[in-house]
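Scroll down for the structure; my scribbles are underneath it.
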Amino acid sequence: MELFANLLGKIEALSSQNVLILSSLIMALIMALVMAACAIVFTWMERKVAAFLQSRYGPMRVGHWHGVAQPVADMLKILQKEDIIPAEADRTLFTLAPVVIFIGSLLAWAAIPFAPGFIASDLDLGLLYIFAVSSLAVIGILMAGWASNNKWSLYGAARGAAQMVSYEIPLALSTVPVVLYTASLNMNDIVIAQQGGVANWFLFRDPFLFVAFVVYFICSIAEVNRGPFDMPETESELVAGYHTEYTGMRWAFFFLSEYANLFLVSCIATAVFLGGWWAPIPGLPLAPALNFIVKSVLLVFLHMWVRWTLPRLRVDQLMYLCWKVMIPIALICVIGSGIWLMVSGQAS
Amino acid sequence: MAIRAYQTLNEMLGLPMSSMLPLAAVGSGVLTHFTTVFIFVLFGIFFAALALGVARLVRPNNPNPNKLTTYECGELPRGSSWVRFNVRFYLIALFFIVFDVEVIFLFPWAVVFKQLFPHPQLGPLVFWEMVLFLAILTVGLAYVWGKGDLDWVKKLIEREPAAGEPAAGESATGELEEVTSR
C-alpha cells in the first residue's frame, strides 16, 4: 500500500484522495489475484498431497510435468459450464450468496501484512476486523443453503453455520494471549513484536501460547470447513452440502473462497504466532514476503496432511470438541498467559 | 466523503495539512483505512460481476424443466425444503452470542492489560476483574454443560421407552424435522 502510494504520490496531477483510491484499487486487485492464485496453486497441491499420502500419482497429463496445468484446464472447463438456477430456488439470494462469500474472504485480505509496508489497510483493529469480516462467510453459506430450496443444501448450511459460529469463539479466544503481549490489535504491530529469531515468535514465548497455537490450528481447520471437520459438505451423506445446486462460475466462487480462506487462516497463524515476515534466524538474507509465504504454505500443507489422514468427525463429536474441549482450554490459555506475563515481569 | 471528514478531523486537531499528503493520508487515520476497506467491497462486487459476466458470454444456456428440478439424487422432490429447524441450532446460536460478546470484551482488556498492569493499584484490579468476568461466564458454561444443552444428542425426557417405541432423542442424524410431510 505505502509502496504504491509513494509511487503514485510522485505524479503531481493526482490529489491525495486519488492517490489513496488508486493505491487501494491496486491492492484490491493484487489481493483478488492472490485469492485466484490460491485456488490455482492449492487445488493442484491438494491433489498431489492427497495422491502422495495415498500412494498414487494424482494428475500427471496436463502440462507435461506432474499435471501442473490441471487447474488451468479445470478453470477453462468451469467457465464453459451451464449456469443452472433451480426453478424452486430463491433467485436473488441464490445469485447473491457466492458474491457475499467471496467479498467476505476478499475483505479479510485487506489486513494481512505480507511484508513491511505491504498491507492494504493498516487497521488498528486489524485482528478483530479480520475475525469480523471472515464471519460474513456464515451468512453466505446460510444464504446459499436456504436459497437452493434443496434438503441437502439446507442440512449442509445449518450444520455449517452451527460449526462455524461455534469454532469462531475458540479461534478468537486463542489469539487473545498474543494481544496480551503486543498490547495492540494492529497486524503490523503484532508481527513487529516478534522481531529476531525463532525464540521471539509468539509460538515459543510461553507454554500457554504454544497451546493457544494448537487450539488456533484445530479451530482454523473447522472454520474453513475442511476434513476432518467437513460436516457442511460431507459428500457421503449430503451430496455436496450447501453448494449442491450450484454449477459453473457460481460454484467456482465457493471453491475460490474455500481455498482463499484456507490460505487466509494460515496467513493469520503466520502473522500472529509464527513471526510473520521475520526469518527464523535473524540476519538470514531472505525476502520478508518470501518468509511469510513459505511459512503460510507450510501451514497449508499441514492442513492438507490432516485432511487426508484423519477420518471425519460426527456432528456430536464436533460440538463436543468445540464447547467442552477447545473453549475451556482457550480460556485457560488467556488467564495462564496473563499470569505468565505478570510473573516473568514482561508487563513493565 | 471519508477523506473530507478526515480532513475536518485533522483541522480540528490542529494538524498541518501537509502532514497528510500523500503518505500520511495512507499511513495514518482510521477513516482512510476504512476507505480502503470500502474500496475492497466495491472491487469485490466488480470482480464477481466481471467473472460471472465473462462466463455468461462463454457458457451455453439450454434450460429444460427436468434440468431445473431440485436435486434429490434422482428422486422427484417431495414438498418444500424450507422446513422447521431443530431447536438445538437455536441453542448453539444463543451460546454463540453470549460467548462472542465475551470475546469482544476480552480484546479491549487484552490491549490495555500490559500498560495498566505495572500500576500499583490498577494492576491487580485489572487482572482480577477479568478473572471474575471469566469466572461468571464459566459458571454459565458449567450450567449449560450440566443441563446437557451442549450435548448434540440430548436426552430430552428421561423415561422408559414403551415397547416398540424408540427412546427419546435417539436419532443422531435427524437434524431437521420435516413437518410438512407428516
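All values below were derived from every heavy atom in this structure, side-chain atoms included, with hydrogens, water molecules and symmetry-related copies excluded. In what follows, chains carry the letters A, B, and so on, assigned in the order in which the sequence lines appear, proteins first and then strands, with residues in each chain numbered from 1.
Interface remark: B:A51 contributes backbone and side-chain atoms alike to the contact with chain A (heavy atom separation under 4.5 Å). Only the side chain of A:E168 comes within contact range of chain B, with heavy atoms under 4.5 Å apart. The part of B:F127 that comes within reach of chain A is its side chain, from C-beta onward, which places non-hydrogen atoms under 4.5 angstrom from that chain. Contact of A:E245 with chain B is made through the side chain alone, with heavy-atom distances under 4.5 Å. Only the side chain of A:I103 comes within less than 4.5 Å of a heavy atom of chain B; its backbone N, CA, C and O stay farther away. For a residue to count as touching a neighbouring chain, one of its non-hydrogen atoms must lie under 4.5 Å from one of that chain's; by this rule A:L128 touches chain B with the side chain only. Heavy-atom distances place no part of A:I78 under 4.5 Å from chain B, backbone and side chain included.
At a heavy-atom separation below 4.5 angstrom, chain B is approached by A:M319, A:W323, A:K324 within residues 318-325 of chain A.
Among the candidates B:V41, B:L42, B:V58, B:L52, the residue making the largest number of heavy-atom pairs closer than 4.5 Å to chain A is B:L52. Of the listed residues A:I327, A:L79, A:V178, the one with more heavy-atom pairs under 4.5 angstrom with chain B than any other is A:L79. The candidate from B:W109, B:F43, B:F46 with the greatest count of non-hydrogen atom pairs under 4.5 Å with chain A is B:F43. Comparing B:V112, B:V131, B:I45 by heavy-atom pairs within less than 4.5 Å of chain A, the highest count is held by B:I45. Residue with the most contacts toward chain B among A:L106, A:N149, A:V179, A:V165: A:N149 (heavy-atom pairs, distance under 4.5 Å). Contact count versus chain B (heavy atoms, under 4.5 Å) is highest, among A:V100, A:T95, A:V176, for A:V176. With chain B as the partner, the residue from A:V99, A:L107, A:L173 showing the most heavy-atom pairs under 4.5 Å is A:L107. Your options are A:W152, A:W146, A:F253, and the one with the most heavy-atom pairs under 4.5 Å with chain B is A:W146. Interface summary for chain A: among B:F107, B:F38, B:F99, the most heavy-atom pairs under 4.5 angstrom belong to B:F107.
Nearest heavy-atom pair, B:K114 versus A:L341, reported as atom, atom and distance to 0.1 Å: CG-CD2, 4.5 Å. Residues B:P60 and A:Q80 approach most closely at CD-O, 2.9 Å, considering heavy atoms. Minimum heavy-atom separation, B:L134 to A:I335: CD1-CD1, 3.3 Å. B:T138 approaches A:L331 most closely through the heavy-atom pair OG1-CD1, 4.3 Å. When all heavy atoms are compared, the tightest approach of B:R59 to A:K81 is CB-O, 3.4 Å. Nearest heavy atom pair, residue B:W145 against residue A:P328, reads CZ3-CG, 4.3 Å.
Here B:D100 contributes atom CG and A:S166 contributes atom OG; the two are 10.5 Å apart, rounded to the nearest 0.5 Å. Residue B:I92 holds its CD1 atom at 11.0 Å from CD of A:Q163, rounded to the nearest 0.5 Å. From A:M31, atom CE reaches atom CZ of B:F47 across 13.5 Å, with rounding to the nearest 0.5 Å.
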Q) Passes side-chain contact (heavy atoms from CB on, under 4.5 Å), B:V37 versus A:Y129? Steps please. A) CA-CA 10 Å; B:V37 171; A:Y129 162 84; 3.5 Å; yes
field: B:N61 and A:E82: CA distance, side-chain angles, deciding distance, side-chain contact (heavy atoms from CB on, under 4.5 Å) verdict
entry: CA-CA 6 Å; B:N61 186 25; A:E82 189 174 349; 4.1 Å; yes
- What do the steps show when you test B:T36 against A:S24 for side-chain hydrogen bond (donor to acceptor under 3.5 Å, both in side chains), and what is the final call? CA-CA 5 Å; B:T36 308; A:S24 300; 3.3 Å; yes
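At least one side-chain heavy atom of A:L123 sits under 4.5 Å from a side-chain heavy atom of B:F34.
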